[in-house]
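Accompanying notes for the structure given below.
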Number of protein chains: 2
Amino acid sequence: MKAFSSYQNPALAIDLVVFGYHEKTLSVLLLNRKEAPFKDQWTLPGAFLQMEESFLQTCSRILQTKLGMDNVYLEQLYSFDDPARDPRGRVISVTYYALVNPSKFQIVAGQMANDAQWFNVQETPALGFDHQDIFDKALQRLKAKILYFPVGFQLLDELFTMPELHELYECILGISIDRRNFRRKILDAEYIINTGAKREGSQNRHPDLYKFNKQLKQNNFQLNIS
Amino acid sequence: MKAFSSYQNPALAIDLVVFGYHEKTLSVLLLNRKEAPFKDQWTLPGAFLQMEESFLQTCSRILQTKLGMDNVYLEQLYSFDDPARDPRGRVISVTYYALVNPSKFQIVAGQMANDAQWFNVQETPALGFDHQDIFDKALQRLKAKILYFPVGFQLLDELFTMPELHELYECILGISIDRRNFRRKILDAEYIINTGAKREGSQNRHPDLYKFNKQLKQNNFQLNIS
DNA sequence: GCAAAAGTGTTCGGAGTACACCCATGC
DNA sequence: GCATGGGTGTACTCCGAACACTTTTGC
């Protein structure tokens with residue numbers, strides 16, 4: 001075997017698809033690049049992996065440094081390898097998607113914050129690199145995942161109402177779901193606990209406030225929504 | 001931005017989990033290493049990515065050079081990043097799993113073929129590196145995938161019988177499935193076409209021979225086996 | 001009391017499950 | 001004709017889909 005360091009290796013980048021849910025809208029966080037290539041175009045936040053870093057450490061570095069976020073849900077998405085995907089040279093991109101509650105963070109606080117902006121996933125601008133492919137795959141994954149994993153709790157406040165959870169599912173899946181059937185399925189799965197408190201302030205009946213049931217194992221869950 | 005080549009990059013390997021189905025057994029193809037590290041231990045076939053290669057090109061190179069295989073079903077599995085996963089240094093592994101029909105290939109024909117061997121997935125030896133993790137994830141993925149995607153056709157001959165397909169599903173999922181209900185679900189999904197021919201030679205009634213319906217879109221498929 | 005939204009219950013149909021029965025083949 | 005395994009059909013059950021009613025709140 002050859003000496004290990006004699007191989008030439010491609011650069012390795014981590015790119016993130018950061019999803020946020022706010023005011024009945026699913027959004028993705030994009031950065032406006034200040035340098036070439038793709039100067040002044042929108043791209044996903046990312047960074048090059050450093051030699052001693054794990055993927056998740058790089059993710060955290062991106063989230064903290066560029067976006068001022070921490071402690072968010074992360075899941076590896078896919079690795080992209082098109083030799084032409086970066087005009088600067090060979091760059092492999094290992095991608096993750098993140099689910100955050102935008103109300104918890106002020107993205108204007110980060111170092112490149114002037115350039116960070118939430119976009120409705122339905123109205124994204126043209127993206128540099130192959131980031132449109134990455135974003136498409138992330139959205140597809142999220143839509144599939146939500147049917148068998150309680151991802152909603154990463155996007156909502158700690159306490160939330162049944163109608164709020166219901167709207168989140170309708171928004172992400174892009175379909176309308178009967179609220180009564182949805183309610184029964186969610187309650188039967190025992191994924192949420194009624195706290196007894198109610199959300200006040202609305203003009204109508206005050207809905208119950210629920211919290212996520214952290215005790216429950218997160219397997220064996222299937223929503224089965226047509 | 002720094003000069004692009006000034007970054008130090010980890011090595012990038014591709015590792016493959018090659019599944020084969022033969023004689024009612026799901027097997028995985030392993031290589032016995034001749035060099036350190038993990039000399040004389042079993043590992044997944046793999047290679048380092050070359051600068052101009054795509055992931056799939058590296059996969060094909062591994063399959064052809066080391067195993068004498070070509071034209072197999074491949075799907076990206078996951079990327080592994082533990083900084084300590086390779087004692088030689090920092091190596092990222094992008095993994096794929098492959099589905100092959102062992103009867104189509106003679107693995108003794110490859111360059112390292114003396115060291116290649118099929119193992120029943122239930123009886124795998126200790127694996128070097130973090131390859132046990134990779135294998136576990138591949139098997140888990142395969143079990144999930146078979147429920148909503150017709151992967152079986154990659155593992156069987158072009159013509160196959162309903163009992164053969166049935167046994168494949170029972171074998172991969174590790175459960176028993178009512179053969180009559182299985183039959184109806186598969187036929188209702190219109191994934192296979194009865195060729196009219198029958199498999200001869202058995203002592204009992206000669207089962208019909210089916211082929212895969214390549215016309216059919218491979219989405220919207222759900223097997224729903226409990 | 002009225003409108004709007006939230007909580008609760010009921011009916012219906014289809015798909016999954018658990019079965020039993022018949023057919024073809026080699027001995 | 002007999003054993004073995006393959007092809008076909010049927011009743012039951014449960015869950016998802018569709019839908020109506022009651023309750024709470026602010027005005």
Side-chain angles (χ1 to χ4, degrees), chain A residues 23-24 144 146-148 150 152 156-157 159-171 173-211 213 220-226, chain B residues 23-24 144 146-148 150 152 156-157 159-171 173-211 219-226:
Chain A
E23 293 183 350
K24 307 182 182 180
I146 198 174
L147 293 179
Y148 63 91
L156 297 173
D157 293 333
L159 296 181
F160 53 89
T161 68
M162 187 67 76
E164 285 166 0
L165 187 64
H166 177 235
E167 269 167 356
L168 171 65
Y169 273 75
E170 288 192 328
C171 176
L173 292 172
I175 60 176
S176 68
I177 307 168
D178 185 280
R179 67 184 179 88
R180 293 152 291 189
N181 294 333
F182 176 82
R183 179 190 193 80
R184 178 162 17 85
K185 284 179 192 171
I186 292 291
L187 289 178
D188 286 353
E190 297 185 330
Y191 265 93
I192 61 178
I193 300 171
N194 193 327
T195 63
K198 295 178 184 300
R199 183 175 304 289
E200 320 246 326
S202 77
Q203 185 171 344
N204 312 309
R205 178 171 181 169
H206 295 167
D208 296 351
L209 281 170
Y210 293 85
K211 63 179 178 181
N213 179 5
N220 299 336
F221 177 49
Q222 190 81 27
L223 208 53
N224 278 19
I225 291 173
S226 67
Chain B
E23 292 182 352
K24 307 182 182 181
I146 198 175
L147 293 178
Y148 64 92
L156 297 173
D157 292 334
L159 296 181
F160 53 89
T161 68
M162 187 66 78
E164 286 166 1
L165 187 63
H166 177 234
E167 269 168 355
L168 171 65
Y169 273 75
E170 287 191 330
C171 176
L173 292 173
I175 60 176
S176 69
I177 307 169
D178 184 280
R179 67 184 178 87
R180 293 152 290 189
N181 295 332
F182 177 82
R183 180 189 192 81
R184 179 160 19 84
K185 284 178 190 171
I186 292 292
L187 290 177
D188 286 352
E190 296 185 332
Y191 266 92
I192 61 178
I193 300 170
N194 193 328
T195 64
K198 294 178 186 301
R199 182 176 306 286
E200 318 246 327
S202 76
Q203 187 171 341
N204 312 309
R205 178 170 180 170
H206 295 168
D208 296 350
L209 281 170
Y210 292 85
K211 63 179 179 182
N219 303 329
N220 299 335
F221 177 50
Q222 190 81 27
L223 207 55
N224 278 19
I225 292 174
S226 65

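Side chains included, hydrogens not; waters and symmetry mates left out as well; all remaining heavy atoms used. Chain naming here is simple, since letters A, B, ... match the order of the sequence lines and numbering starts at 1 in each.
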> Would A/D178 and A/F182 satisfy side-chain contact (heavy atoms from CB on, under 4.5 Å), going step by step from the backbone distance to the final call?
Replying inline: CA-CA 6 Å; A/D178 185 280; A/F182 176 82; over 6 Å; no
Between B/M162 and B/R183, does the side-chain contact (heavy atoms from CB on, under 4.5 Å) criterion hold? Intermediate values first, please. CA-CA 7 Å; B/M162 187 66 78; B/R183 180 189 192 81; 3.5 Å; yes
Discussion item. If you apply the rule side-chain contact (heavy atoms from CB on, under 4.5 Å), what do you find for A/N224 with A/Y148, and how did you get there?
Written reply: CA-CA 8 Å; A/N224 278 19; A/Y148 63 91; over 6 Å; no
What's touching nucleotides 8-15 of chain D from the protein side, N or O pairs under 3.5 Å?
from  : atom 1 : to     : atom 2 : distance (Å)
D/dT8 : OP2    : B/R183 : NH2    : 2.9

Would you tabulate the nitrogen or oxygen pairs shorter than 3.5 Å linking the protein to nucleotides 12-14 of chain C?
none

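By the salt bridge (charged side-chain N to carboxylate O under 4.0 Å, His left out) test, A/R205 is found to be paired with no residue, residues two or more places apart in sequence or in another chain being considered. Qualifying side-chain hydrogen bond (donor to acceptor under 3.5 Å, both in side chains) partners for A/E170, counting only residues two or more places apart in sequence or in other chains: A/H166. Taking the salt bridge (charged side-chain N to carboxylate O under 4.0 Å, His left out) definition, one finds that B/K198 meets it with B/D208, sequence neighbours left out.
Between B/L147 atom CG and C/dG16 atom C1' there is a gap of 14 Å when expressed in whole angstrom units. Atoms NE2 (A/H206) and P (C/dG7) sit 12 Å apart, rounded to a whole Å. In this entry the distance linking CD1 of B/I177 with P of C/dC19 reads 17 Å, nearest Å. With rounding to whole Å, A/E164 atom CD is found 14 Å from C/dA5 atom P.
Nearest to the side-chain atoms of A/R205 among the listed nucleotides D/dT23, C/dT25, D/dG16 stands D/dT23.
Judged by distance alone, with hydrogens and angles left aside, the side-chain atoms of A/N213 form a donor-acceptor pair with the main-chain N or O of A/E190 at under 3.5 Å. No donor-acceptor pair closer than 3.5 Å links the side chain of A/D157 to the backbone N or O of A/F160. A donor-acceptor distance shorter than 3.5 angstrom exists from the side chain of B/T195 to the backbone of B/L209, with no hydrogens or angles considered.
Listed by residue number, the members of residues 194-204 of chain B with any heavy atom below 4.0 angstrom from DNA chain D are B/N204.
Comment: B/E164 does not engage B/K24 in a salt bridge, judged by the lack of any side-chain N to carboxylate O separation of less than 4.0 angstrom.
Of the candidates A/L187, A/N181, A/I186, A/N181 is the only one forming a side chain to side chain contact (heavy atoms under 4.5 Å, CB included) with A/R184.
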